[in-house]
Every structure is written in structure tokens, then in C-alpha cells.
Amino acid sequence: MMKRNHLLLMFTVLLTTIMSCKKKDKVDIDLNNSKQPEITGFTPGHGIPGTEVTVSGKNFSTNIPDNKLFLGPDQMVVTQATATTLKFKVPYLAVSGKIKVENGNKSATSANSFTVDPLPDGIAEFSPLEGPFGTEVTIKGANFPLSPKVSINGLEGMVISSSTSQIKFEVPYHTGLTKHRIVVEGDGKTFTSAQDFTVTTTGKYADWHLLPEPLNTAPANIFTNGASFTYNKKLYWGFTNIGGTDKRVYYYFYDPAAADKGWQVREITGKLPAPISFLSVAVLGNMVYMGNGSPDSEHGKWWSFDPSNDAIQPIATYPKDNAMMGFAFTVGNKCYAAGGLGEKHIYNYDPATNTWTKAVDVPYAQIAAGAAVVLNNDVIIGRALKTLTSSKQESIYKFTANGAGGTLTELPVIPDAGQSSGFRTPSFSLNGKAYFVINKRVWEYDPAAASPWRMVLQENITSTIQHVGVIDGKVYGWTGRGRFFEFRFRN
């Protein structure tokens, strides 16, 4: 009972004390139980933005978030904290002023002011310090050019906005995965960053850009398994029936120099014996050679085609059966072809003698969705099944011409080749590199690179590119409807 009365008495005294305080009085409760901090000095006493400042004193918190540090009116970011030192970097646009530290309900202010020196011309800082290709980087500094060029690793990035004190740009997509200085140029000035920007991951390199829909674009897919090629700066497509039960034979051609005409239509019924699928095509001089198509009755048959007058003439039959779904190419002013369904040779065709001669035996089992991309005197061939038990069409070979013959060298397999591409692998060459379109992905093969394969594009359109042609360095891809996209690298 006495203990209970004693507690009641203590509570009454405490309540009376609080109530007796004047209304203007405030009771501060220090939840951190912090000691009174004290600032004894800081070094250096002045500096430009980016300068690291060390504040000396005592009773600072060793837990960085507990220390609120100010330079003039602006709160700083504490980077290191001990009981006797705090460190921060002077931010861009900071102003001169005294340094103040707050810890709980206690604070201390320096006796002297820190002086923020004016920035010299050039790059003071940039952020972020790392990121993938396509990262937007903000550069801060002074006296930047009015129309700056920004580059990293020698590659120019796209400038998003600029002023004399701030530039925003995008890290270009061909930059190597390593650390690089940022360079700003213009108006006779060149500024280089003191720090490196670190490129962390690849990002995307390229895109398919939708082009205006040409005339005669089909409402649905046409020329199923039809052929395509580029001749005299025009794109050709078809050489089979348009579709359905109509057995008439057509081809389309598109001339970018007369784009207003769209796809122009030609009927060649009777010039080919029937609608033919899976034709292999090679252009040699002013003539186009096509063959090894389907149905079975047309296996091994070949024709010459003159686009100037639509003349189609049969030529010597390919020497081997089962030659459907192969590929053809021209290199060194010679025409070559190979069958796809288990046919084990590449043959050379000589128009002067109208004969086929075996150029080389092939080491793979099948190449039914193959392509051949010419790079100078070499031809990159794929995607092949190395054996009939292989689960992926991933094997790639290099054919090097030697007279009427040649050699085949196995190359590193194409990554992710388990992706199906139906019955074709659209492909093209550009700037000494080969490109293979597999579904909605584009793989680049660079013969000069230690790791030659890289994916440069992945699924940025809903359509599937079924045919590709290159005219004056511009890459056209089109769908089964004849809808055009342009392949472009990001700058």
C-alpha cells in the first residue's frame, strides 16, 4: 500500500511541474540521446563544385543518416562519418556559407564560411557515373559550346538538350563495355571529363522503323515461301502464286527512286512451269539465276531471268536430287548453289558453258532454312544442322572461293539459334558484317571481332520480317503483306 501511494505521489509532482510551465515553454525530447556536436574547423576553406570537404569536430554520429549537414541554406550529402569527422562533396550550384551540423535536437555551426569558387571552363561533374547504352547523362560545368558535340570512346552521342552550363546526352550504342572519358567539343573548345563513365550492359543497338505503306500492299500475307532478291537498285519478290487456289505466277518489284508507284506487279504465268516455292536465287551481272524449288517435279530445275524484259529460260539442271530449300550466292563473278534437304555439296554454275561443277563437299547434315551472306571473297553460310540428331540450327560456316572451287571453315555457332525462323533466314551484309534475322531478333557477325556474334535487335515490332534487301546502304525489311521497315542503328 505504501509503494502504491509513493508512486501516486511521484506522478502528482511530475504532473504539477509540467502544468506549472508557461505555455510558450517547449519540452524537447532527444530520442537519439545525442551529445552536443561541435565544429572545430574544415578543410579546405574553399573550392569549386566537386571538391571534397572534411569537417572536423566532436560528438558527430557514426551513423551517416543521423548527421544533417548544411552548407549555407542547402543540405549536403554526407559520404563518410566518424565521431570526429564528416565528409561531403560540394554540389553543383552550391553557394558560399557557414557549415552547420544537426544531430537530433542539437546543432553546431562553423565559425567561418566555406567559399564556393567559380567553376573554370569545362566539365565539372556528370551523373550518373555508369549505366547501359542509351543512358541519359547530365553534364554540368561552365562555358560549354552553344552547339556542342558530345562523344564517348570516340563515338558521338545524341545531345538531348544543352546550355552553356549543362548538357544532356545519350550514351551511344556502339560504345565498348568499359570505362571511357566524356568529351565535349565545339566553338573551338574541347573539354574532357576528369572521371570515366562506365558502360555496364549492352542495351539495344538498332531498330526496325516503319516506313510509309506502299501502294499494292496486300491485306493479308501473299507469296508464301516466295523468293526475293535485289537487282539494279530494286527489290524483287514472289515468282510464285499470290495465294489461295489461284495458280497464276506473279512477281512484285519496288523501286525506292519511284516510291510513289509502290509495289509494281508483273504476271509471268507460263514463263515458269508452275508456281514454285523455296527458290534459291543468285544475281550475276545482268542476269538472275533461280532454281532448286518445290514441288517435287521442279527439284533441281534452274532458270535464267532477265528483269529488263521478263525473259525466263531453262538452264542446266542441278546435278543432285533432293536439292530443295537450299541457298545460292555470287562471289568472285561466279554463281554457286547448294541444296538444303540433305544434299551434301556446293556447286559452281558457269553461264558460258551452261554447266555445274562441284566446288566443295559440305560437313553439315542439313541447312533447310539457310542463308548465305557475301563478305568480300568470303561467304558466311548458316544456319545448319551439324548432324541430323542436332536439336538446333546453329552451325555456321565460311566459304572461301578458290577458282571454281573453295573451302569451308566452321565458325562459332550463332547464339540462341533454337529460335525458329520458319523456312527462311533473311540475311544481309552491311559495312563488312553479316546479319541474320531470326524471328524478331537480328544477330550480327563481325569477322574482325574476338567474339564475333552479338544480338543487335530484339523484338521491337509486332510483325515478322520475312525478306530483306539493301540498296545504297539502306536496309529494307518487309513482311508477308509487303509492309516495309527500315533497319537503322542507333546513333
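Positions are given from 1 along the sequence. These figures come from a predicted structure and were not determined experimentally.
- For Asn376, the CG atom is loosely surrounded, since the number of other residues' heavy atoms within 6.0 Å does not exceed 12.
- For the side chain to side chain contact (heavy atoms under 4.5 Å, CB included) test with Lys386, the passing option among Glu410, Gln393, Gln366 is Glu410; the others fail.
- Ile123 and Phe191 make their closest contact through CD1-O, 3.8 Å (heavy atoms, listed as atom of the first residue, atom of the second, distance).
- Asn153 places no side-chain N or O within 3.5 Å of a backbone atom of Leu155 that could act as its donor or acceptor partner.
- Using cut-offs of 30° and 60° on the angle between ring planes, the pair Phe197 and Phe126 is tilted.
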(request) Start with the C-alpha distance between Glu136 and Ile160, add both sets of side-chain angles, then the distance that settles side chain to side chain contact (heavy atoms under 4.5 Å, CB included), and finish with yes or no. (result) CA-CA 8 Å; Glu136 182 179 304; Ile160 299 168; 3.4 Å; yes

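- Ser429 places no side-chain N or O within 3.5 Å of a backbone atom of Leu375 that could act as its donor or acceptor partner.
- When all heavy atoms are compared, the tightest approach of Val437 to Trp208 is CG2-CZ2, 4.3 Å.
- The backbone N or O of Thr115 sits nowhere less than 3.5 Å from a side-chain atom of Ser113 that would complete a donor-acceptor pair.
- One finds the OG1 atom of Thr51 at 9.0 Å from the NE2 atom of His46 (value rounded to the nearest 0.5 Å).
- Residues Tyr231 and Val288 meet the side-chain proximity criterion, which asks for heavy atoms closer than 4.5 Å.
- Between the CD atom in Glu125 and the OG1 atom in Thr138 there is a gap of 10.0 Å [rounded to 0.5 Å].
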(request) Applying ring pair (Phe, Tyr, Trp, His ring centres under 6.0 Å), run through Phe428 and Phe487 and close with a yes or a no. (result) CA-CA 11 Å; Phe428 59 95; Phe487 176 85; 5.4 Å; yes

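- Under the 6.0 Å distance and 45° angle rule, Arg454 counts as a cation-pi partner of Tyr205.
- With Lys179 as the fixed residue, the side chain to side chain contact (heavy atoms under 4.5 Å, CB included) test singles out one of Asp196, Val199, Ile152: Asp196.
- Within the 3.5 Å criterion, the main-chain N or O of Asn103 finds no donor-acceptor partner in the side chain of Asp66.
- In this pair, Trp237 and Tyr252 present their aromatic rings perpendicular. The plane angle is above 60°, beyond the 30 to 60° band.
- Once rounded to the nearest 0.5 Å, the distance linking CG of Leu284 with NZ of Lys334 reads 9.5 Å.
- With rounding to the nearest 0.5 angstrom, the CG atom of Leu69 is 6.0 Å from the CG atom of Leu86.
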(request) Please lay out, stage by stage, how Tyr254 and Phe484 fare under the test ring pair (Phe, Tyr, Trp, His ring centres under 6.0 Å). (result) CA-CA 11 Å; Tyr254 177 81; Phe484 275 124; 4.5 Å; yes

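- Counting heavy atoms from C-beta on, the side chains of Pro91 and Pro49 never come closer than 4.5 Å.
- Side-chain atoms of Thr400 and Asp378 form a donor-acceptor pair, as typed in the model, at a separation below 3.5 Å.
- In this structure a side-chain-to-backbone donor-acceptor pair under 3.5 Å is present from Ser110 to Ile99.
- Side chains of Leu408 and Lys398 form no contact here, defined as non-hydrogen atoms less than 4.5 Å apart.
- With a 4.5 Å cut-off on side-chain heavy atoms, Tyr92 and Ser165 count as touching.
- In terms of heavy atoms, Glu444 sits closest to Phe489 at OE2-CZ, 3.8 Å.
- The neighbour count for Asn63 CG, taken as heavy atoms of other residues, nucleotides or ligands under 6.0 Å away, is above 12.
- Counting all heavy atoms, side chain and backbone alike, Gly186 lies closest to Pro145 at O-CG, 3.4 Å.
- When every heavy atom of Lys234 is checked against every heavy atom of Phe253, the shortest pair comes out as CD-CD1, 3.9 Å.
- Heavy-atom neighbours of Asn333 CG from other residues, nucleotides or ligands within 6.0 Å: at or below the threshold of 12.
- A heavy-atom distance below 4.5 Å is not found between the side chains of Phe144 and Asp187.
- Tyr364 has its side chain out of reach of Thr387: every pair of non-hydrogen atoms, C-beta onward, lies at least 4.5 Å apart.
- A donor and an acceptor atom, one from each side chain of Lys189 and Asn143, are located under 3.5 Å apart.
- When every heavy atom of Ile465 is checked against every heavy atom of Phe485, the shortest pair comes out as CD1-CD1, 3.8 Å.
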(message) Test salt bridge (Lys or Arg N to Asp or Glu O under 4.0 Å) on Asp472 and Lys233; report intermediate values, then the result.
(response) CA-CA 8 Å; Asp472 292 334; Lys233 297 187 177 183; 3.4 Å; yes

(request) Check the pair Glu185, Glu156 against side chain to side chain contact (heavy atoms under 4.5 Å, CB included), reporting the backbone distance first and the verdict last. (result) CA-CA 10 Å; Glu185 299 174 274; Glu156 186 173 354; over 6 Å; no

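- One N or O on the side chain of Thr330 and one on the backbone of Val283 form a donor-acceptor pair closer than 3.5 Å.
- A donor-acceptor distance shorter than 3.5 angstrom exists from the side chain of Thr82 to the backbone of Thr85, with no hydrogens or angles considered.
- At a threshold of 4.0 Å, the pair Glu38-Lys58 counts as salt-bridged, since one of the basic side-chain nitrogens sits closer than that to a carboxylate oxygen.
- Note: Ile381 CD1 to Tyr397 OH = 10.5 Å, rounded to the nearest 0.5 Å.
- Taking CD1 of Ile380 as the start and CD1 of Ile414 as the end, the distance is 11.0 Å to the nearest 0.5 Å.
- Checked for salt-bridge contact, Asp207 and Arg488 miss the test: no charged N lies under 4.0 Å from a carboxylate O.
- Thr40 places a side-chain N or O within 3.5 Å of a backbone atom of Ser56 that can act as its donor or acceptor partner.
- Counting heavy atoms from C-beta on, the side chains of Val53 and Thr43 never come closer than 4.5 Å.
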(request) Apply side chain to side chain contact (heavy atoms under 4.5 Å, CB included) to Ile39 and Thr109, showing your working. (result) CA-CA 6 Å; Ile39 296 177; Thr109 303; 5.8 Å; no

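- Applying ring-ring contact (aromatic ring centres under 6.0 Å, His included) to Tyr251 and the options Phe223, Tyr236, Phe229 leaves one that passes, Tyr236.
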(request) Go through the steps for Tyr445 and Val373 under the test side chain to side chain contact (heavy atoms under 4.5 Å, CB included), then give the verdict. (result) CA-CA 10 Å; Tyr445 176 81; Val373 183; over 6 Å; no

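- With contacts defined as side-chain heavy-atom distances shorter than 4.5 Å, the pair Leu146/Thr164 qualifies.
- Checked for salt-bridge contact, Arg383 and Glu394 miss the test: no charged N lies under 4.0 Å from a carboxylate O.
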